[in-house]
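Computed from a predicted structure; not experimentally measured. Residue numbers run from 1 in the order of the sequence given.
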Amino acid sequence: MNASTVADVLLIGAAVAWVLARQVQVARVKPRLLVLAPLVLAFFGIRSLPASTWRVPADLALLAVSAALSLGLGVWRGQTIKVWRDADGTLWRQGSVLTLVLWGVLIAARGLLYGVGVAAGHREASGLGAVLVTLALSFAAQNTVTALRMNAAPPLPAGQPAGSQPAEPAASRSTVIPSQLAAHDRLHTRRHERIQARRHERRERRETRRWE
């Protein structure tokens, strides 16, 4: 492993750590960044791919598998990110533990594909360019889902600080109390029926003994 490769690995590792940290933090949704980030990654990724990659079927197959995984996991991650808007209409988002898990799956899959490419003698299809293209596609899918969910983002209640998450909806007292009373009434009715059934059985036994 030469110095250039080590530098690439360290750069990618630092970028991944920064991305993962940002995914679980509360942050404003910047629509322009949703579009620009994947485009920038794709631009530098495609530039970093050797020209021979586009002419070798095995390289293209590795890139196609990587692209399919990136898109699928990106769409899934986009559904795990909470999106809401404050009283001023500003959009906010925050990822969850599942978001991080799906990022971990993508990283593991990317590492597996790298091992396959090296073992098959197609290292170029799993280098820095392929990693950047993978990230670009995954971000594009995730950001597309986020953008589609922005219109349905729930607003914060009046007076709640901007950037705070909307409270989870809780059952109102007017709904909970009647349901508890109804359950209590059903339990009381069943208990009363069992008592009446036992009394009826004892009465029948006494009548039977009287006529014996």
Answer yes if [X] and [Y] sit in the same cluster of Ile, Leu, Val, Met, Phe, Trp and Tyr residues linked by side chain heavy atoms under 4.5 Å apart, and no otherwise.
{"X": "Leu132", "Y": "Ile46", "result": "no"}
{"X": "Val24", "Y": "Leu106", "result": "yes"}
{"X": "Val133", "Y": "Leu39", "result": "no"}
{"X": "Val145", "Y": "Leu148", "result": "no"}
{"X": "Val105", "Y": "Val131", "result": "yes"}

> Which of these, Val116, Val118, Leu112, sits in a side-chain contact (heavy atoms from CB on, under 4.5 Å) with Tyr114?
Replying inline: Val118
> Passes side-chain contact (heavy atoms from CB on, under 4.5 Å), Leu49 versus Trp54? Steps please.
Replying inline: CA-CA 9 Å; Leu49 284 173; Trp54 306 105; 3.5 Å; yes
Let me have the donor-acceptor pairs involving side chains of residues 58-80, under 3.5 Å, with sequence neighbours excluded, atom names and distances please.
residue : atom : partner : partner atom : Å
Asp59   : OD1  : His122  : ND1          : 2.9
Ser66   : OG   : Arg110  : NH1          : 2.8
Ser66   : OG   : Thr134  : OG1          : 2.6
Ser70   : OG   : Ser66   : O            : 2.7
Ser70   : OG   : Thr134  : O            : 3.4
Arg77   : NE   : Gln142  : OE1          : 2.6
Arg77   : NH1  : Ser138  : OG           : 3.0
Arg77   : NH2  : Ser138  : O            : 3.4
Arg77   : NH2  : Ser138  : OG           : 2.9
Arg77   : NH2  : Gln142  : OE1          : 2.9
Thr80   : OG1  : Arg77   : O            : 2.7
Thr80   : OG1  : Thr99   : OG1          : 2.7

How long is the gap from [atom1] on [X] to [atom2] on [Y], to the nearest 0.5 Å?
{"X": "Leu98", "Y": "Ile81", "atom1": "CG", "atom2": "CD1", "value": "10.0 Å"}
{"X": "Met150", "Y": "Leu91", "atom1": "CE", "atom2": "CG", "value": "5.0 Å"}
{"X": "Ile107", "Y": "Leu135", "atom1": "CD1", "atom2": "CG", "value": "8.5 Å"}
{"X": "Arg28", "Y": "Lys30", "atom1": "CZ", "atom2": "NZ", "value": "8.5 Å"}

> Given Phe139 and Leu33, is the side-chain contact (heavy atoms from CB on, under 4.5 Å) satisfied, shown in steps?
Replying inline: CA-CA 11 Å; Phe139 269 121; Leu33 189 60; over 6 Å; no
> So, do Gln23 and Trp103 sit near enough that their side-chain heavy atoms are less than 4.5 Å apart?
Replying inline: yes
> Side chains of Val26 and Trp84: closer than 4.5 Å at any heavy-atom pair?
Replying inline: yes
> Going through the checks in order, is the side-chain contact (heavy atoms from CB on, under 4.5 Å) test met by Asp86 and Trp92?
Replying inline: CA-CA 8 Å; Asp86 60 21; Trp92 299 82; 3.1 Å; yes
Shortest non-hydrogen separation from [X] to [Y] and the atoms involved:
{"X": "Ala140", "Y": "Thr144", "answer": "O-OG1, 2.6 Å"}
{"X": "Ser48", "Y": "Gly129", "answer": "CB-CA, 3.6 Å"}
{"X": "Arg93", "Y": "Arg22", "answer": "NH1-O, 3.0 Å"}

